[in-house]
Amino acid sequence: MKEKIEFLKDEINNLVVATAEELEAMRIKYLSKKGEITALFTDFKNVPNDDKRSVGQLLNELKDLAQQRYNILKESFSSKGKTDTDLDLTRTADPISVGTRHPLSIVKSEIIDIFSRIGFVVAEGPEIEDDWNVFGALNFPPEHPARDMQDTFFIEKSPDVLLRTHTSSVQTRTMTKHQPPIRVLCPGRVYRNEAISYRAHCFFHQVEGLYIDKNVSFADLKQVLLYFAKEMFGADTHIRLRPSYFPFTEPSAEMDISCNLCGGQGCPFCKYTGWVEILGCGMVDTNVLKNCGIDPEIYSGYAFGLGVERITNLKFQAKDLRMFSENDVRFLEQFRTI
């Protein structure tokens, strides 16, 4: 057997391959399960016990030699014929595709940037909240429909623990922990028990603002919102405030902007009214201030809240709200350069 091993070593060392077929034939002849080296290992049981150690060492060396020779021939064969002209100089140097920012992240960052220019700072809070911060402190009566399971996701076996339905809970936490002046912006994800469609989802994103200080008036609120509308949608944007009702503000209003698609002339997006609703606002109710430990005889304030998806639709005209959460690469790639 030793002579056979030495013969195969010389044969493998002098082996030359010119084609892929010859390389594969070499692998089959020496390294396959039915190859010559495997056959020698099978015959190893017939070697006398006194010679097993030396023959076994020679067999292992032969196998390693065949594998190394195969790897060297394969590498040299695959590199044959390659020249500098084979390089595709039109391809990018980085094979990894550049990612994009999500449109909701783009718009949220723009909203935060606009309000930060006039002194608002970002405040954050937990998405799993208690009933007091979401409803009780904000003047929601016990029988209010928003507390019902039809609107709110309550944590099972914990009737006072729920997924926040608005980021107003961050405002209550801020007012409870800090005394005025307070000027915060509260962005975040919120949850409501709604049927998912092209117009609604069970989770979405809000940005709410709160300003409390001495002598704060509704006129201050109007000027801040007008500033925001012009910065976000353009200098020609107009606003109007319509009376409304929210448990935590009094007086309350909803704000419309002149449709940025038709310039206020009327189109299907604004339902031919020339106006599009974008947010709710109002003066902080005195009961809310009392609940959070702030003296309403000394301080007053305003609050507002807007949906990030709503603003994103106005900016980019997305037809279906579900597109923001389905991670369709074709949709997201549209925002590569933004």
Side-chain angles (χ1 to χ4, degrees), residues 1-109 124 127 189 196 201-203 205 312 316 318-338:
M1 181 176 284
K2 290 183 178 179
E3 292 76 9
K4 178 66 173 178
I5 293 174
E6 293 298 329
F7 174 78
L8 290 179
K9 279 186 177 181
D10 292 338
E11 191 175 71
I12 291 171
N13 280 324
N14 297 319
L15 189 66
V16 177
V17 292
T19 65
E21 289 77 11
E22 291 179 0
L23 181 66
E24 179 62 13
M26 178 237 175
R27 186 192 67 80
I28 294 173
K29 180 178 180 180
Y30 298 109
L31 297 170
S32 67
K33 291 183 178 180
K34 295 183 179 180
E36 295 192 26
I37 296 178
T38 304
L40 289 176
F41 274 98
T42 303
D43 292 339
F44 182 72
K45 61 185 178 181
N46 300 320
V47 174
N49 291 334
D50 294 340
D51 296 333
K52 281 186 180 293
R53 181 173 181 179
S54 59
V55 173
Q57 184 175 354
L58 291 174
L59 276 175
N60 289 329
E61 291 176 356
L62 175 63
K63 184 178 180 181
D64 292 340
L65 173 66
Q67 187 63 56
Q68 292 173 7
R69 185 64 177 161
Y70 172 77
N71 293 337
I72 292 172
L73 291 171
K74 183 179 179 181
E75 183 178 352
S76 62
F77 176 74
S78 61
S79 63
K80 282 184 179 180
K82 286 194 173 182
T83 64
D84 291 341
T85 58
D86 295 325
L87 298 177
D88 183 0
L89 300 180
T90 64
R91 294 185 62 184
T92 175
D94 188 354
I96 301 175
S97 178
V98 178
T100 65
R101 289 192 298 161
H102 195 280
L104 295 180
S105 298
I106 294 171
V107 172
K108 184 182 74 171
S109 297
E124 297 180 338
E127 295 183 8
R189 186 177 344 195
I196 298 176
H201 210 292
C202 61
F203 70 86
H205 301 79
T312 307
F316 302 124
K319 304 298 183 183
D320 192 331
L321 198 64
R322 292 169 293 191
M323 297 174 70
F324 294 130
S325 57
E326 290 180 347
N327 293 327
D328 189 328
V329 175
R330 295 169 300 176
F331 172 70
L332 298 177
E333 282 183 344
Q334 299 177 61
F335 306 92
R336 184 180 301 277
T337 59
I338 297 178

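Quick caveat, the model's predicted, so the values are computed rather than measured.
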* So do the side chains of Thr38 and Leu31 get within less than 4.5 Å of each other, counting heavy atoms only? -> no

* Asked: Can you list the steps and then say if Tyr70 with Tyr30 is a ring-ring contact (aromatic ring centres under 6.0 Å, His included)?
  -> CA-CA 10 Å; Tyr70 172 77; Tyr30 298 109; over 10 Å; no

* **Gap between atom NZ of Lys4 and atom CG of Asp43 - 0.5 Å precision** => 10.0 Å

* State, yes or no, whether a side-chain contact exists between Leu332 and Arg101 at a heavy-atom distance under 4.5 Å. => no

* To do: To the nearest 0.5 Å, tell me how far Leu58 CG sits from Asp51 CG.
  => 10.5 Å

* Above 12 or not: heavy atoms from other molecules or residues under 6.0 Å from NZ of Lys9? -> yes

* To do: Check Ile12 against Ala66 and note the closest heavy-atom contact, atom names and distance.
  => CD1-CB, 3.8 Å

* Asked: Got a second to check how far Ser325's OG is from Asp320's CG, nearest 0.5 Å?
  -> 9.0 Å

* To do: Could I get the full list of salt bridge (Lys or Arg N to Asp or Glu O under 4.0 Å) partners for Glu127, not counting sequence neighbours?
  => none

* Please answer whether the main-chain N or O of Val107 pairs with a side-chain N or O of Thr312 as donor and acceptor at a distance below 3.5 Å. => no

* For atom CD of Glu24, decide whether the heavy atoms of other residues, nucleotides or ligands shown that lie under 6.0 angstrom number more than 12. => yes

* Test ring pair (Phe, Tyr, Trp, His ring centres under 6.0 Å) applied to His201 - qualifying residues, sequence neighbours left out -> Phe203

* Distance in Å, Ile28 CD1 paired with Met26 CE, rounded so as to fall on 0.5 Å steps -> 11.5 Å

* Asked: Going by heavy atoms in the side chains, are Asn71 and Gln67 under 4.5 Å from each other?
  -> yes

* Structure fact -> Value for CG (Asn60) from CG (Leu65), rounded to nearest 0.5 Å, stands at 12.5 Å

* Side chain proximity check, Gln334 to Phe316, heavy atoms < 4.5 angstrom -> no

* **Step-by-step side-chain contact (heavy atoms from CB on, under 4.5 Å) determination, Leu8 to Leu40** => CA-CA 11 Å; Leu8 290 179; Leu40 289 176; 3.6 Å; yes

* To do: For the pair Glu11 and Lys29, find out whether any cationic side-chain nitrogen is under 4.0 Å from an anionic carboxylate oxygen.
  => yes

* Asked: Can you say whether the rings of Phe324 and His102 are parallel (under 30°), tilted (30 to 60°) or perpendicular (over 60°)?
  -> tilted

* To do: Give, for atom NZ of Lys52 and atom CG of Leu59, the distance between the pair rounded to the nearest 0.5 Å.
  => 10.5 Å

* Asked: Which heavy-atom pair separates Phe335 from Ile106 by the least distance, and what is that distance?
  -> CB-CD1, 4.1 Å

